[in-house]
Amino acid sequence: MRVLVVGGSGFLGTELVRRASAAGWATAATYCSARPGTAPPGVSWHRLDLRASDRLDDLLAGLTPDAIINATSGLSDWAVTADGSVRVAMAAARHGRRLVHVSSDAVFSGSRIVYDESCPPDPVTPYGAAKAAAETAVRLLTPAAAIARTSLIIGNGGSAHERMVRELSAGAREGVLFTDVVRCPVHVGDLAAALLELARSDRAGMFHLAGPDALSRHDLGVLIARRDGLDASRLPAGRGEGTSMVLDVRLDSRATQERLGTRLRGAREFLQLP
């Protein structure tokens, strides 16, 4: 199995590269600004700026991957998150390659709170709009692709939310953890395993890859603090209502779980104390 991880230097991309390499896959990965300092041996790294299209065809022609996993995140940068994903989908279609595209619960407004795989996007943020546009392009250009929406990614202390909890607990940064902003966190290892399972399959369409536990960012922070032996009472709480934050978005992943062998654990399980 040969796989190309687009966005291999990011938090999710790093775990995808590690797991694919450990499974014996011929693994290639891209980075834009900085190649990871440490990576599994045997992984081939390639610089790729998704804002330019001239490198993708040469890359795919040289690597001939069986599957491409687009795990890049340009946040609200439309040129990367939307246009860049369009370029990846077009290249995958031209070269006849399997595509797994990683999307986000940001495509939803929160107006209905619980969203299953059949729900159409209704974004209200620039990032959500870019992700929704990318989904539409992938579905049109590569109908056989798998589109995987996910939620807040946590794991092994390396996520942005975990770093924020540590810094807030130590008084090293300002800010609050919202008590009314709710998501369904997923462990980065579970997510990577599910994406690799999709990559080696021929399943097409929409998939939801999120944990079963709906938690506020503050409640999640308390669990992280307890796992790490920190004083959870030091975590400042606040409300997201009245800010630009989308409040309550819960991905219903039950239909996807019935189709996959990879089990997506809830945050209460994967953050429990050893």
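Just so you know, these numbers use all the heavy atoms, side chains as well, and skip hydrogens, waters and symmetry mates.
- Salt bridge status for E197 with R259: absent, with no side-chain N to carboxylate O gap under 4.0 Å.
- No side-chain donor-acceptor contact under 3.5 Å links N156 to the backbone of G158.
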task: Check the pair L48, L56 against side chain to side chain contact (heavy atoms under 4.5 Å, CB included), reporting the backbone distance first and the verdict last.
output: CA-CA 8 Å; L48 179 67; L56 269 169; 3.9 Å; yes
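- In the hydrophobic clustering of this structure, V107 does not group with W78; members are Ile, Leu, Val, Met, Phe, Trp, Tyr whose side-chain heavy atoms approach within less than 4.5 Å, directly or through other members.
- Contact check for L260 versus L209: side-chain heavy atoms found under the 4.5 Å cut-off.
- Within 6.0 Å of atom CZ in R173, more than 12 heavy atoms from other residues, nucleotides or ligands are found, so the atom counts as buried in its surroundings.
- At a threshold of 4.5 Å between non-hydrogen side-chain atoms, the residues R183 and D105 count as touching.
- Both L12 and V17 belong to a common hydrophobic cluster when Ile, Leu, Val, Met, Phe, Trp and Tyr are linked at side-chain heavy-atom distances under 4.5 angstrom.
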message: Does L50 form a side chain to side chain contact (heavy atoms under 4.5 Å, CB included) with V6? I'd like the steps, not just the answer.
response: CA-CA 9 Å; L50 286 180; V6 179; 4.1 Å; yes
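- Considering only heavy atoms from C-beta on, I154 comes within 4.5 Å of F270 through its side chain.
- Within the model, atoms CG of L63 and NE2 of H95 stand 10.5 Å from one another, a figure rounded to the nearest 0.5 Å.
- Applying the 6.0 Å contact sphere to CZ of R254 captures no more than 12 heavy atoms from other residues, nucleotides or ligands.
- Here the CD atom belonging to E269 is positioned 12.5 Å from the CG atom belonging to L223, to the nearest 0.5 angstrom.
- For D231 and S233, the side-chain atoms include at least one donor-acceptor pair closer than 3.5 Å.
- Applying the ring-ring contact (aromatic ring centres under 6.0 Å, His included) test to pairs two or more places apart or on separate chains, none has a residue in residues 190-221.
- Considering E135, H101, E117 in turn, E135 is the only one that fulfils the side-chain hydrogen bond (donor to acceptor under 3.5 Å, both in side chains) rule with R149.
- Remark: side-chain polar atoms of D66 are paired, donor with acceptor, to backbone N or O of R2 under 3.5 angstrom.
- Taking 4.0 Å as the cut-off between side-chain N and carboxylate O, R94 and D57 count as a salt-bridged pair.
- Counting only heavy atoms from C-beta outward, the side chains of L198 and L196 never approach each other to under 4.5 Å.
- For CE of M206, the number of neighbouring non-hydrogen atoms (other residues, nucleotides, ligands) closer than 6.0 Å is greater than 12.
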Enumerate donor-acceptor pairs with a distance under 3.5 Å from any side-chain N or O in residues 137-145 to protein atoms, sequence neighbours excluded.
from	atom 1	to	atom 2	distance (Å)
T142	OG1	V138	O	2.8

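- Following chains of ILVMFWY side-chain contacts shorter than 4.5 Å, one cannot reach L99 starting from V5, and the two form parts of different hydrophobic clusters.
- Between A237 and T179 the shortest heavy-atom distance is CB-CG2, 3.8 Å.
- Atom CG of L191 is separated from atom OG1 of T150 by 4.5 Å, given to the nearest 0.5 angstrom.
- Using a 4.5 Å heavy-atom cutoff, the side chains of D122 and S111 are in contact.
- Contact record, L16 with A71: CD1-CB, 3.8 Å, taken as the closest heavy-atom pair.
- Expressed to the nearest 0.5 Å, how far OG of S151 lies from CZ of F108 amounts to 11.0 Å.
- Of the possible donor and acceptor atoms, one in the side chain of R166 sits under 3.5 Å from a partner among the backbone N and O of G157.
- Taking the side chain as every heavy atom from C-beta outward, W45 and T27 never approach each other to under 4.5 Å.
- Under the 4.5 Å side-chain heavy-atom criterion for grouping Ile, Leu, Val, Met, Phe, Trp and Tyr, L59 is not connected to V3 through any hydrophobic cluster.
- Between the R98 side chain and the A67 main chain, no donor and acceptor come within less than 3.5 Å of each other.
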- request: Step by step, work out the side chain to side chain contact (heavy atoms under 4.5 Å, CB included) result for L215 and R268.
  value: CA-CA 9 Å; L215 294 170; R268 292 186 179 89; 3.2 Å; yes
message: Would W25 and R200 count as a side chain to side chain contact (heavy atoms under 4.5 Å, CB included) here? Give the steps.
response: CA-CA 11 Å; W25 294 17; R200 65 176 177 260; 3.8 Å; yes
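- Under the 3.5 Å distance criterion, the side-chain polar atoms of D49 are matched with a main-chain donor or acceptor of R51.
- Annotation for V181 and V246: closest pair CG1-O, 3.8 Å, computed over non-hydrogen atoms.
- A distance of 8.5 Å separates CD1 in I153 from OG in S104, rounded to the nearest 0.5 Å.
- By the 4.0 Å N-to-carboxylate-O rule, D248 lies close enough to R250 to be salt-bridged with it.
- Between the side chains of S44 and H46, at least one donor-acceptor pair of N or O atoms lies under 3.5 Å.
- The shortest non-hydrogen separation linking E162 to I224 is CG-CD1, 3.7 Å.
- A donor-acceptor pair under 3.5 Å is formed between the side chain of T81 and the backbone N or O of L75.
- Counting all heavy atoms, side chain and backbone alike, L264 lies closest to A194 at CD2-CB, 4.3 Å.
- Counting heavy atoms from C-beta on, the side chains of S85 and N70 come closer than 4.5 Å.
- Listed for the Y115 side chain is no donor-acceptor partner under 3.5 Å among the backbone atoms of P120.
- Taking NE2 of H187 as the start and OG of S159 as the end, the distance is 9.0 Å to the nearest 0.5 Å.
- Side-chain atoms of K131 come within 3.5 Å of backbone atoms of V102 as a donor-acceptor pair (strictly under, hydrogens ignored).
- Proximity of a side-chain donor or acceptor of T64 to a complementary backbone N or O of L60 within less than 3.5 Å is not detected.
- The 12-atom threshold is not exceeded at CD of E241, counting heavy atoms of other residues, nucleotides or ligands nearer than 6.0 Å.
- L177 and M245 fall into different hydrophobic clusters, where Ile, Leu, Val, Met, Phe, Trp and Tyr residues are linked whenever their side-chain heavy atoms come under 4.5 Å apart, directly or through other members.
- Between T125 and A106 the shortest heavy-atom distance is OG1-O, 4.4 Å.
- Contact check for L152 versus R217: side-chain heavy atoms found under the 4.5 Å cut-off.
- Between the side chain of R18 and the backbone N or O of P40, no donor-acceptor pair lies under 3.5 Å.
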